[in-house]
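In what follows, chains are A, B, ... by sequence order, proteins preceding strands, each numbered from 1. It should be emphasised that the depicted structure is a prediction, and the values quoted were computed from it without experimental measurement.
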Number of protein chains: 2
Amino acid sequence: MARAPSALGLGGSPLYRAIKSQITENLQSGEWGLGEAIPSESRLAERFHVSVGTVRKAVDELVAEKVLVRQQGKGTFVATHNRDRTLYYFFHIVGHDETDKNYPQVELLSFKKDRAGNDAAEQLQIARGDPVFKIQNLLLLAGSPVVLDDITIPVAPFQDLTRDIFKNRDSTIYALYQSRYGINVIRSVERLRANLADSACNKHLGIRPGGPVLEIRRVAYTYHDTPVELRVSRVNTTHHEYLSELSNS
Amino acid sequence: MARAPSALGLGGSPLYRAIKSQITENLQSGEWGLGEAIPSESRLAERFHVSVGTVRKAVDELVAEKVLVRQQGKGTFVATHNRDRTLYYFFHIVGHDETDKNYPQVELLSFKKDRAGNDAAEQLQIARGDPVFKIQNLLLLAGSPVVLDDITIPVAPFQDLTRDIFKNRDSTIYALYQSRYGINVIRSVERLRANLADSACNKHLGIRPGGPVLEIRRVAYTYHDTPVELRVSRVNTTHHEYLSELSNS
DNA sequence: TAGTGGTCTAGACCACCTG
DNA sequence: AGGTGGTCTAGACCACTAC
């Protein structure tokens, strides 16, 4: 019953990786939209001329990467960046007693077009002076200001973005990137350090000058390790903290 | 060619979970020691009376949990908590430019037996007043003091631990827990906040009083979510920072 | 009842390592 | 050459969901 091995596995990589790539391409091309079901495993197996087991292995990895979601008896669906998912995947600020499970309230402080400085250009892998959007957000938890976000994104992938579009988004910022611009944030690197409050922290977070403030510098990436966004957050850790869970599964 | 389904899958859970449990038990009982190879997949399949594919699925999960390590052509080995692995899995302090790939130098400042206070008791899920070891460590990176660790562990699982055993360990602290006490740290939860330096930070980390210091409170867990260790770290983030990578794979 | 994902089997060949 | 893990196939039955 053996079949031709590696029939499609060009470049020496296993077949299921090739299948995974093809599925990813269909995802990116929009053939299967957000939240929709993709074809059943047996149909995919026919379409790609491989066995169901091979499709399963490809889908397994995409599920592990949270790109797809399986539902037994129903089908396999394209994951969406909704509040339940993204927010708590990339948002790590909780109350000291961790009871804070409310969504943060967001206040847009400023939205402007600017040019990339040295640091932003390097982090976003664009040229210095390239146009970027600079956005300042204030996050309130249980009514009090806790996080001050300075977001920098290149203009290029977000051409038609305006203050109104940004402000009137339905859900999270990453959901906006995904639904309107087809950009899927799948990875982030955060660097944290302790600082002393400057006037902005004092003004917006109510930390007294010279008080402690947690600074988080995050770069968010999409496929192929392409940087999408640089975000510098300043956190008032008087009643909240940054939560990092490291498990193995 | 069908076989009796769920022949061993007691309790409604899939067979490969049962196999996984049996492998884990053999691991914990010490039948297969650290760094040793476990029997080949075909032998395990015979031993447990299942097919190789089922064994593979069980081993897959244990590999994902970093309990086992596969090496093509050689075999499957029991993971060890050596510097290459644990250290960089649970140690997140890097230089601002991330060039710091040197092992930290450790200086033991104090080691004493004490009784658990309210907070430690709660975090470690033991009774208030239960005996604990309290250990203070100073970590130097590139020669300068950067991290001050206050470690609290229950005496119970570490009965015969002494200052000498602790100080003269071969490798990392978690490797000691594993090799001498059979306790495998597999998960940790860290909570970070910004503080102002106290006298201890000033004395050991050279931060001026009132300077910013990053505080990390970590609880490390072994199997069944049993807490093993409470560790409060104070970090001088003048030239170093806490690195958190969140990917999906 | 029909379709989907979830589990399990049995056996093939490949890539890699060791002797 | 023989053993090990890595990939792939083909087909079975189960559990769940929808109609």
Next item on the list: Applying side-chain contact (heavy atoms from CB on, under 4.5 Å), name anything that partners B:Glu31, two or more places apart in sequence or on another chain.
Entry: B:Asn26, B:Ser29, B:Arg47

Check: Is the distance from OP1 or OP2 of C:dA10 to the nearest side-chain N or O of B:Ser51 less than 4.0 Å?
Finding: no

Notebook entry, point to check: Does OP1 or OP2 of D:dC8 have a side-chain N or O of A:Thr54 closer than 4.0 Å?
Noted result: no

Check: Of B:Pro39 and A:Val55, whose nearest nucleotide on DNA chain D comes first from the 5' end?
Finding: B:Pro39

Notebook entry, point to check: Cationic tip of A:Arg180 within the cone over A:Tyr177's six-membered ring, i.e. under 6.0 Å and within 45° of the normal?
Noted result: no

Next item on the list: Measure from NZ on B:Lys20 to P on C:dT7 and round the result to the nearest Å.
Entry: 12 Å

Checklist line | Nucleotide D:dA10, atom P - distance to CZ of A:Arg56 in whole Å | finding: 17 Å

Notebook entry, point to check: For A:Ser40, which residues count as a side-chain contact (heavy atoms from CB on, under 4.5 Å) partner, sequence neighbours excluded?
Noted result: A:Ser42, A:Arg43

Item checked: Out of C:dT4, D:dA10, D:dT7, whichever nucleotide has its closest atom nearest the side chain of A:Tyr16 -> D:dT7

Note to self: Once side-chain hydrogen bond (donor to acceptor under 3.5 Å, both in side chains) is applied, do any residues pair with A:Lys57, and if so which ones, sequence neighbours excluded?
What the structure shows: none

Margin query: Distance check needed: D:dC8 P versus A:Glu61 CD, whole Å only.
Written below: 11 Å

Item checked: B:Val106 side chain reached by B:Ile173 side chain, heavy atoms, under 4.5 Å -> no

Notebook entry, point to check: Can you check the B:Leu15 CG to D:dA15 P distance for me, whole Å?
Noted result: 13 Å

Next item on the list: Name the closest nucleotide to the B:Arg70 side chain, picking from C:dT9, D:dG6, D:dT4.
Entry: D:dG6

Notebook entry, point to check: Rounded to the Å, how far apart are B:Glu46 CD and D:dG3 P?
Noted result: 12 Å

Margin query: Tell me every residue that passes side-chain contact (heavy atoms from CB on, under 4.5 Å) with B:Glu36, counting only those two or more places apart in sequence or in another chain.
Written below: none

Checklist line | Non-neighbouring partners of B:Asp164 that pass salt bridge (charged side-chain N to carboxylate O under 4.0 Å, His left out), sequence neighbours left out | finding: none

Below 3.5 Å between N/O atoms, which protein atoms pair up with nucleotides 17-19 of chain D? Just atom names and distances, please.
from: D:dA18; atom 1: OP1; to: A:Lys74; atom 2: NZ; distance (Å): 3.4

Next item on the list: Can you tell me the distance, in whole Å, between the NE2 atom of B:His49 and the P atom of C:dA10?
Entry: 13 Å

Notebook entry, point to check: In whole Å, what is the span from the NZ atom of A:Lys57 to the P atom of C:dG5?
Noted result: 19 Å

Note to self: Without decimals, in angstroms, what is the distance between A:Glu41 CD and D:dA10 C1'?
What the structure shows: 15 Å

Next item on the list: When you get a sec, tell me which of C:dA10, D:dT9, D:dG5 is the closest nucleotide to the side chain of B:Thr76?
Entry: D:dG5

